[in-house]
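I have placed the structure first, in the form of C-alpha coordinates, so that the comments after it can refer back to it.
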Amino acid sequence: MGVSNAVRNPGSYISRTLGLYRALLTDPERFYDEYIGTRRVKSEFALVLVTGLVGLVGNYLMLQELIFQFEGFQSVVINQQVRFQLQQRVIEPLLGAFLLWIWFGIGMYYVAWLYTTIGTTYVTMKRTAWALFPVLIGNIIHTAAMAYASTTLEVTEDDITITTSIADEVSSFVWSQASGETVVLAATAVGIVFALWTGYIGAYAIKDVRDLTTSEAYKVAAVPTGGYVLYIAYSVVTAL
(Lines give C-alpha, C1' and ligand atoms only; values in the text may rest on other atoms or scores of the structure.)
Protein backbone atom coordinates (compact mmCIF):
# COMPACT_ATOMS: atom_id res chain seq x y z
CA MET A 1 0.00 0.00 0.00
CA GLY A 2 1.40 3.36 -1.00
CA VAL A 3 2.05 6.14 1.49
CA SER A 4 0.87 9.63 0.64
CA ASN A 5 3.29 12.53 0.35
CA ALA A 6 1.54 14.19 3.30
CA VAL A 7 2.63 11.29 5.54
CA ARG A 8 6.13 10.79 4.07
CA ASN A 9 7.08 14.45 4.07
CA PRO A 10 4.52 16.61 5.89
CA GLY A 11 6.71 19.72 5.76
CA SER A 12 6.99 19.59 1.99
CA TYR A 13 3.26 18.88 1.63
CA ILE A 14 2.28 21.86 3.80
CA SER A 15 4.71 24.13 1.97
CA ARG A 16 3.33 23.06 -1.42
CA THR A 17 -0.25 23.50 -0.26
CA LEU A 18 0.43 26.99 1.08
CA GLY A 19 2.22 27.83 -2.15
CA LEU A 20 -0.79 26.61 -4.12
CA TYR A 21 -3.24 28.88 -2.31
CA ARG A 22 -0.82 31.80 -2.30
CA ALA A 23 -0.53 31.50 -6.07
CA LEU A 24 -4.31 31.20 -6.41
CA LEU A 25 -4.94 34.40 -4.48
CA THR A 26 -2.06 36.53 -5.74
CA ASP A 27 -0.94 35.05 -9.07
CA PRO A 28 -3.90 33.09 -10.53
CA GLU A 29 -2.32 32.89 -13.97
CA ARG A 30 0.59 30.88 -12.55
CA PHE A 31 -1.82 28.85 -10.42
CA TYR A 32 -3.81 27.70 -13.43
CA ASP A 33 -0.65 27.02 -15.44
CA GLU A 34 1.12 24.97 -12.76
CA TYR A 35 -1.43 23.38 -10.47
CA ILE A 36 -4.63 22.59 -12.32
CA GLY A 37 -5.12 19.59 -14.59
CA THR A 38 -8.21 18.75 -16.60
CA ARG A 39 -9.25 15.40 -15.10
CA ARG A 40 -11.97 14.91 -12.49
CA VAL A 41 -13.61 17.56 -10.34
CA LYS A 42 -13.51 15.94 -6.87
CA SER A 43 -11.30 18.63 -5.34
CA GLU A 44 -13.33 21.40 -6.95
CA PHE A 45 -16.63 19.94 -5.74
CA ALA A 46 -15.18 19.60 -2.23
CA LEU A 47 -14.02 23.22 -2.27
CA VAL A 48 -17.47 24.50 -3.21
CA LEU A 49 -19.09 22.21 -0.64
CA VAL A 50 -16.82 23.43 2.16
CA THR A 51 -17.45 27.03 1.12
CA GLY A 52 -21.17 26.50 1.57
CA LEU A 53 -20.90 24.51 4.80
CA VAL A 54 -18.75 27.19 6.43
CA GLY A 55 -21.45 29.78 5.75
CA LEU A 56 -24.15 27.41 6.95
CA VAL A 57 -22.52 27.04 10.39
CA GLY A 58 -22.89 30.74 11.20
CA ASN A 59 -26.52 30.80 10.10
CA TYR A 60 -27.28 27.70 12.16
CA LEU A 61 -25.81 29.21 15.33
CA MET A 62 -27.79 32.39 14.81
CA LEU A 63 -31.03 30.51 14.16
CA GLN A 64 -30.77 28.70 17.50
CA GLU A 65 -30.36 32.02 19.31
CA LEU A 66 -33.22 33.68 17.42
CA ILE A 67 -35.65 30.87 18.21
CA PHE A 68 -34.59 30.94 21.87
CA GLN A 69 -35.15 34.69 22.12
CA PHE A 70 -38.44 34.89 20.23
CA GLU A 71 -40.01 31.99 22.11
CA GLY A 72 -40.39 34.40 25.01
CA PHE A 73 -42.76 36.67 23.07
CA GLN A 74 -46.43 35.76 22.67
CA SER A 75 -46.80 38.42 19.93
CA VAL A 76 -44.51 36.46 17.59
CA VAL A 77 -45.53 32.88 16.95
CA ILE A 78 -42.71 30.61 15.77
CA ASN A 79 -44.82 27.79 14.33
CA GLN A 80 -43.71 24.96 12.07
CA GLN A 81 -44.12 27.02 8.90
CA VAL A 82 -41.97 29.82 10.29
CA ARG A 83 -39.35 27.33 11.49
CA PHE A 84 -39.24 25.72 8.05
CA GLN A 85 -38.67 29.06 6.35
CA LEU A 86 -35.99 30.00 8.87
CA GLN A 87 -34.29 26.67 8.23
CA GLN A 88 -34.23 27.58 4.54
CA ARG A 89 -32.26 30.68 5.53
CA VAL A 90 -29.75 28.42 7.26
CA ILE A 91 -29.01 26.38 4.13
CA GLU A 92 -28.85 29.42 1.83
CA PRO A 93 -25.02 29.60 1.99
CA LEU A 94 -24.74 25.96 0.92
CA LEU A 95 -27.12 26.35 -2.00
CA GLY A 96 -25.61 29.73 -2.75
CA ALA A 97 -22.10 28.32 -3.09
CA PHE A 98 -23.20 25.92 -5.83
CA LEU A 99 -25.34 28.57 -7.52
CA LEU A 100 -22.33 30.90 -7.52
CA TRP A 101 -20.26 28.17 -9.13
CA ILE A 102 -22.85 27.87 -11.88
CA TRP A 103 -23.32 31.65 -12.12
CA PHE A 104 -19.62 32.35 -12.65
CA GLY A 105 -18.79 29.23 -14.64
CA ILE A 106 -21.70 29.19 -17.07
CA GLY A 107 -21.93 32.98 -17.07
CA MET A 108 -18.34 33.50 -18.13
CA TYR A 109 -18.47 30.63 -20.60
CA TYR A 110 -21.41 32.10 -22.50
CA VAL A 111 -20.34 35.73 -22.26
CA ALA A 112 -17.06 34.62 -23.84
CA TRP A 113 -19.05 33.63 -26.94
CA LEU A 114 -18.75 37.31 -27.84
CA TYR A 115 -15.08 36.62 -28.54
CA THR A 116 -14.64 32.92 -29.35
CA THR A 117 -16.24 29.49 -29.59
CA ILE A 118 -13.18 27.63 -28.27
CA GLY A 119 -13.33 25.65 -25.01
CA THR A 120 -15.69 23.37 -23.06
CA THR A 121 -18.06 23.95 -20.17
CA TYR A 122 -16.48 21.07 -18.21
CA VAL A 123 -13.03 22.63 -18.07
CA THR A 124 -14.58 26.05 -17.43
CA MET A 125 -16.53 24.76 -14.43
CA LYS A 126 -13.49 22.91 -13.08
CA ARG A 127 -11.31 26.01 -13.21
CA THR A 128 -14.05 28.37 -12.01
CA ALA A 129 -14.53 26.43 -8.76
CA TRP A 130 -11.09 27.58 -7.61
CA ALA A 131 -12.04 31.19 -8.25
CA LEU A 132 -14.56 30.86 -5.41
CA PHE A 133 -11.81 30.51 -2.81
CA PRO A 134 -12.17 34.19 -1.79
CA VAL A 135 -15.87 33.48 -1.16
CA LEU A 136 -14.76 30.81 1.32
CA ILE A 137 -12.69 33.43 3.14
CA GLY A 138 -15.68 35.76 3.10
CA ASN A 139 -17.90 33.02 4.51
CA ILE A 140 -15.43 32.40 7.33
CA ILE A 141 -15.61 36.09 8.26
CA HIS A 142 -19.41 36.12 7.96
CA THR A 143 -19.77 33.00 10.12
CA ALA A 144 -17.50 34.54 12.76
CA ALA A 145 -19.67 37.66 12.68
CA MET A 146 -22.87 35.62 13.03
CA ALA A 147 -21.39 33.59 15.89
CA TYR A 148 -20.35 36.76 17.69
CA ALA A 149 -23.69 38.47 17.07
CA SER A 150 -25.53 35.44 18.43
CA THR A 151 -23.80 35.97 21.78
CA THR A 152 -24.67 39.68 21.98
CA LEU A 153 -28.14 39.69 20.38
CA GLU A 154 -30.89 40.85 22.71
CA VAL A 155 -34.43 41.20 21.38
CA THR A 156 -36.77 43.28 23.53
CA GLU A 157 -40.50 43.94 23.42
CA ASP A 158 -39.80 47.33 21.84
CA ASP A 159 -38.13 45.57 18.89
CA ILE A 160 -41.34 43.73 18.03
CA THR A 161 -42.90 45.81 15.26
CA ILE A 162 -44.70 43.05 13.39
CA THR A 163 -48.43 42.42 13.83
CA THR A 164 -49.08 39.72 11.25
CA SER A 165 -48.87 35.95 11.68
CA ILE A 166 -48.14 35.22 8.00
CA ALA A 167 -45.20 32.82 7.96
CA ASP A 168 -43.27 34.64 5.19
CA GLU A 169 -43.40 37.95 7.00
CA VAL A 170 -42.72 36.52 10.43
CA SER A 171 -39.64 34.59 9.26
CA SER A 172 -38.32 37.66 7.41
CA PHE A 173 -38.82 39.81 10.50
CA VAL A 174 -37.16 37.29 12.81
CA TRP A 175 -34.15 36.89 10.52
CA SER A 176 -33.82 40.65 10.09
CA GLN A 177 -32.86 40.85 13.76
CA ALA A 178 -29.70 38.97 12.84
CA SER A 179 -28.94 40.43 9.40
CA GLY A 180 -29.36 43.94 10.79
CA GLU A 181 -26.71 43.52 13.47
CA THR A 182 -23.81 45.93 12.85
CA VAL A 183 -21.11 43.26 12.82
CA VAL A 184 -23.15 41.09 10.44
CA LEU A 185 -23.84 44.03 8.14
CA ALA A 186 -20.12 44.85 8.08
CA ALA A 187 -19.21 41.24 7.27
CA THR A 188 -21.81 41.18 4.49
CA ALA A 189 -20.50 44.46 3.03
CA VAL A 190 -16.91 43.18 3.12
CA GLY A 191 -18.18 40.38 0.89
CA ILE A 192 -18.01 42.86 -1.99
CA VAL A 193 -14.21 42.77 -1.73
CA PHE A 194 -14.21 38.98 -1.97
CA ALA A 195 -16.67 39.10 -4.87
CA LEU A 196 -14.27 41.35 -6.79
CA TRP A 197 -11.39 39.04 -5.86
CA THR A 198 -13.38 36.09 -7.19
CA GLY A 199 -13.93 37.96 -10.44
CA TYR A 200 -10.20 38.70 -10.70
CA ILE A 201 -9.32 35.02 -10.33
CA GLY A 202 -12.23 34.04 -12.58
CA ALA A 203 -10.77 36.07 -15.41
CA TYR A 204 -7.72 33.80 -15.42
CA ALA A 205 -9.93 30.75 -15.02
CA ILE A 206 -11.69 31.52 -18.31
CA LYS A 207 -8.73 33.07 -20.15
CA ASP A 208 -7.00 29.93 -21.41
CA VAL A 209 -10.15 27.84 -21.71
CA ARG A 210 -11.58 30.26 -24.25
CA ASP A 211 -8.21 31.45 -25.61
CA LEU A 212 -8.89 35.06 -24.63
CA THR A 213 -6.54 37.96 -24.18
CA THR A 214 -6.19 39.21 -20.60
CA SER A 215 -8.25 42.29 -21.44
CA GLU A 216 -11.03 40.17 -22.93
CA ALA A 217 -10.97 37.83 -19.94
CA TYR A 218 -11.41 40.73 -17.52
CA LYS A 219 -14.39 41.99 -19.51
CA VAL A 220 -15.96 38.52 -19.54
CA ALA A 221 -15.47 38.04 -15.79
CA ALA A 222 -16.85 41.52 -15.09
CA VAL A 223 -20.37 40.46 -16.07
CA PRO A 224 -21.05 37.78 -13.42
CA THR A 225 -18.89 39.68 -10.94
CA GLY A 226 -20.98 42.82 -11.39
CA GLY A 227 -24.17 40.84 -10.84
CA TYR A 228 -22.81 39.30 -7.65
CA VAL A 229 -21.63 42.66 -6.30
CA LEU A 230 -25.07 44.16 -6.93
CA TYR A 231 -26.67 41.26 -5.08
CA ILE A 232 -24.45 41.81 -2.03
CA ALA A 233 -25.08 45.56 -2.12
CA TYR A 234 -28.82 44.93 -2.28
CA SER A 235 -28.58 42.57 0.70
CA VAL A 236 -26.77 45.24 2.74
CA VAL A 237 -29.20 48.02 1.83
CA THR A 238 -32.32 45.97 2.59
CA ALA A 239 -30.87 44.93 5.96
CA LEU A 240 -30.30 48.52 7.10
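Everything numeric here is computed off the predicted structure, so don't read it as measured data.
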Where do [X] and [Y] come nearest, in terms of heavy atoms and distance?
X      : Y      : answer
Ala129 : Leu47  : O-CD2, 3.4 Å
Ala145 : Val184 : O-CG2, 4.0 Å
Pro134 : Ala131 : CD-O, 3.1 Å
Arg89  : Ser172 : NH2-OG, 3.2 Å
Ala239 : Ser179 : CB-O, 3.7 Å
Met146 : Met62  : O-CE, 3.5 Å

Would you say the side chain of [Y] lies within less than 4.5 Å of the side chain of [X], judging by non-hydrogen atoms?
X      : Y      : answer
Phe98  : Leu49  : yes
Ile201 : Trp130 : no
Asp33  : Asp208 : yes

Trace of the side chain to side chain donor-acceptor pair (under 3.5 Å) decision for Glu65 with Ser150: CA-CA 6 Å; Glu65 181 62 25; Ser150 70; 5.8 Å; no
Would the distance check show the side chain of [X] and the main-chain N or O of [Y] forming a donor-acceptor pair, the cut-off being under 3.5 Å?
X      : Y      : result
Tyr109 : Gly119 : yes
Gln177 : Val155 : no
Thr225 : Leu196 : no
Trp197 : Leu25  : yes
Trp175 : Leu86  : no
Ser176 : Phe173 : yes

Yes or no on side chain to side chain contact (heavy atoms under 4.5 Å, CB included) for Phe31 and Arg22, after CA distance, side-chain angles and deciding distance? CA-CA 9 Å; Phe31 170 83; Arg22 189 183 305 114; over 6 Å; no
Just checking [X]: does its [atom1] atom have more than 12 heavy atoms from other residues, nucleotides or ligands closer to it than 6.0 angstrom?
X      : atom1 : answer
Gln81  : CD    : no
Arg30  : CZ    : yes
Tyr115 : OH    : yes

Nearest-0.5 Å distance that lies between atom [atom1] in [X] and atom [atom2] in [Y]:
X      : Y      : atom1 : atom2 : answer
Ile141 : Ile137 : CD1   : CD1   : 7.5 Å
Ser235 : Ile192 : OG    : CD1   : 9.5 Å
Gln87  : Leu63  : CD    : CG    : 6.5 Å
Leu153 : Glu181 : CG    : CD    : 5.0 Å
Ser215 : Lys207 : OG    : NZ    : 11.0 Å
Lys219 : Leu212 : NZ    : CG    : 11.0 Å

Could you give me the CA-CA distance, side-chain angles and deciding distance for Tyr35 and Tyr21, then say whether side chain to side chain contact (heavy atoms under 4.5 Å, CB included) is met? CA-CA 10 Å; Tyr35 292 101; Tyr21 288 111; over 6 Å; no
Take Ile106 and Thr124 through the test side chain to side chain contact (heavy atoms under 4.5 Å, CB included) and record every step on the way to the result. CA-CA 8 Å; Ile106 300 300; Thr124 300; over 6 Å; no
Cluster question for you: counting only ILVMFWY and a side-chain heavy-atom cut-off of under 4.5 Å, with indirect links fine, are [X] and [Y] together?
X      : Y      : result
Met125 : Leu95  : yes
Tyr32  : Ile118 : no
Trp101 : Leu99  : no
Val229 : Val193 : no
Tyr200 : Leu230 : no

Selection residues 132-147 - residue pairs positive for side chain to side chain donor-acceptor pair (under 3.5 Å), sequence neighbours left out: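 Those involving residues 132-147 are His142-Thr188.
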Among Thr51, Val50, Val57, Leu56, which residue satisfies the side-chain contact (heavy atoms from CB on, under 4.5 Å) criterion with Val54?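 Result: among Thr51, Val50, Val57, Leu56, Val50 is the only option passing the side-chain contact (heavy atoms from CB on, under 4.5 Å) with Val54.
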Is the distance between the ring centroids of Phe194 and Phe133 less than 6.0 Å?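 They do not qualify: ring centres at least 6.0 Å apart.
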Can you check side chain to side chain contact (heavy atoms under 4.5 Å, CB included) on Phe84 and Ser171, steps first, answer last? CA-CA 9 Å; Phe84 177 71; Ser171 63; over 6 Å; no
Applying ring-ring contact (aromatic ring centres under 6.0 Å, His included) as the test, list every pair that has at least one member in residues 208-236; sequence neighbours left out.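 Applying ring-ring contact (aromatic ring centres under 6.0 Å, His included) to every pair that reaches into residues 208-236, excluding sequence neighbours, yields Tyr204-Tyr218.
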